Student: 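Below you will find the structure I want to go over with you.
Heavy atoms only: backbone and side chains are in, while hydrogens, waters and symmetry mates are out. Just follow the structure's listing: the first ligand is 1, and inside any ligand the first atom is 1. Not measured: the values here are computed from a predicted model.
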Amino acid sequence: MITLNVQQPAWIITLLVSSLVFIVFWFILKNSKDREEDYDGIKKKGFKIRNVYFVILFSVLLGATFYTITDLPYDRPPEFVNATEVEVEALQFGWDFSQEEFEVGEKYAFHVTSQDVNHGIGFYDEDMMLLTQTQAMPDYTNTVYVEFEEPGTYQILCLEYCGAAHHLMIHEIEVK
Ligand code: CUA
């Protein structure tokens, strides 16, 4: 009986491609040694362009940083000003929600923190599509704004490896 082994062709292809890359490098190295002085003019010009490019890039990025940093911390989105506040606490290994039932079309502000280590909170709909996520951090609160569009059982999963039972940090909430 013939069994298909994908490992072996992968190895052969890797070896062939690696050898090809090595040969090309060796060829370039061998041929460039004797002609180093030919490049002095190009080198000088290149370094000059690089300096100008660096100054332009640095100025643009510095300007953009100062221009955008004044927006921090981001305001609550206007449509969530009157949102229902929900407290969420992560712990090894579970989720503690101040309320478990939610309504379609209502606006919620989830204030997420952690009792112990860093976790990641992910809100998944019934098709296991990720709706939104944020970090659950000790001594810090992150807020995510959610409006559920469909009724159903939503899953809350931990998105950051936080210990041996990380994969068990699953919680369900109901949206009616
Ligand atoms: Cu909590 Cu992974």
Side-chain angles (χ1 to χ4, degrees), residues 3-18 20-22 54 57-176:
T3 52
L4 185 69
N5 186 351
V6 290
Q7 214 55 347
Q8 207 171 338
W11 263 110
I12 293 168
I13 292 168
T14 306
L15 276 177
L16 282 177
V17 174
S18 307
L20 193 70
V21 170
F22 178 78
F54 173 77
L57 193 68
F58 187 78
S59 314
V60 168
L61 291 179
L62 196 70
T65 303
F66 275 110
Y67 181 70
T68 52
I69 210 165
T70 53
D71 285 344
L72 288 174
Y74 296 125
D75 289 335
R76 179 180 284 233
E79 63 270 33
F80 283 90
V81 167
N82 296 316
T84 304
E85 318 289 334
V86 185
E87 305 300 325
V88 182
E89 206 167 37
L91 61 150
Q92 287 166 318
F93 295 96
W95 299 99
D96 191 8
F97 275 67
S98 65
Q99 72 177 76
E100 304 281 335
E101 289 191 358
F102 303 90
E103 277 172 42
V104 172
E106 280 291 306
K107 308 237 187 316
Y108 297 97
F110 289 90
H111 304 291
V112 183
T113 186
S114 170
Q115 273 184 19
D116 36 47
V117 299
N118 256 46
H119 303 268
I121 187 168
F123 290 75
Y124 288 82
D125 69 9
E126 291 213 319
D127 301 323
M128 289 310 280
M129 290 283 285
L130 181 63
L131 298 181
T132 185
Q133 60 87 30
T134 192
Q135 286 273 301
M137 301 152 73
D139 298 324
Y140 194 85
T141 301
N142 283 308
T143 304
V144 275
Y145 302 99
V146 181
E147 180 182 346
F148 300 102
E149 285 170 4
E150 299 278 339
T153 304
Y154 286 64
Q155 307 255 10
I156 308 299
L157 304 187
C158 186
L159 296 183
E160 177 149 343
Y161 183 72
C162 54
H166 154 74
H167 60 288
L168 298 178
M169 280 189 70
I170 301 169
H171 190 76
E172 286 186 352
I173 55 174
E174 288 298 326
V175 178
K176 297 194 169 162

Student: Side chains of His119 and Gln92: donor-acceptor distance under 3.5 Å anywhere?
Tutor: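 Side chains of His119 and Gln92: no pair found under 3.5 Å.
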Student: Determine which of the N, O or S atoms in Glu160 is closest to atom 2 (Cu) of ligand 1 and give its atom name.
Tutor: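 When I compare the N, O and S atoms of Glu160, O is nearest to atom 2 (Cu) of ligand 1.
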Student: Take atom 1 (Cu) of ligand 1 as the vertex and measure to ND1 of His119 and SG of Cys162; round to 10°.
Tutor: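 Seen from atom 1 (Cu) of ligand 1, ND1 and SG are separated by roughly 100°.
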Student: If I take every N, O or S atom of His166, is at least one of them less than 2.8 Å from atom 2 (Cu) of ligand 1?
Tutor: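 True for His166.
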Student: Mind reading off the angle at atom 1 (Cu) of ligand 1 between the SD atom of Met169 and the SG atom of Cys158, rounded to 10°?
Tutor: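 That angle is 110°.
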Student: Report yes if the distance between the aromatic ring centroids of Tyr154 and Phe148 is under 6.0 Å, otherwise no.
Tutor: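 Between Phe148 and Tyr154, which both carry aromatic rings, the centre distance is below 6.0 Å.
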Student: Is a side-chain donor-acceptor pair under 3.5 Å present for His111 with Thr141?
Tutor: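 Side-chain D/A pair, Thr141 to His111: absent.
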Student: Does a side chain donor of either Thr153 or Glu174 reach within less than 3.5 Å of an acceptor in the other side chain?
Tutor: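 Looking only at side-chain atoms, Glu174 and Thr153 do form a donor-acceptor pair, the distance falling under 3.5 Å.
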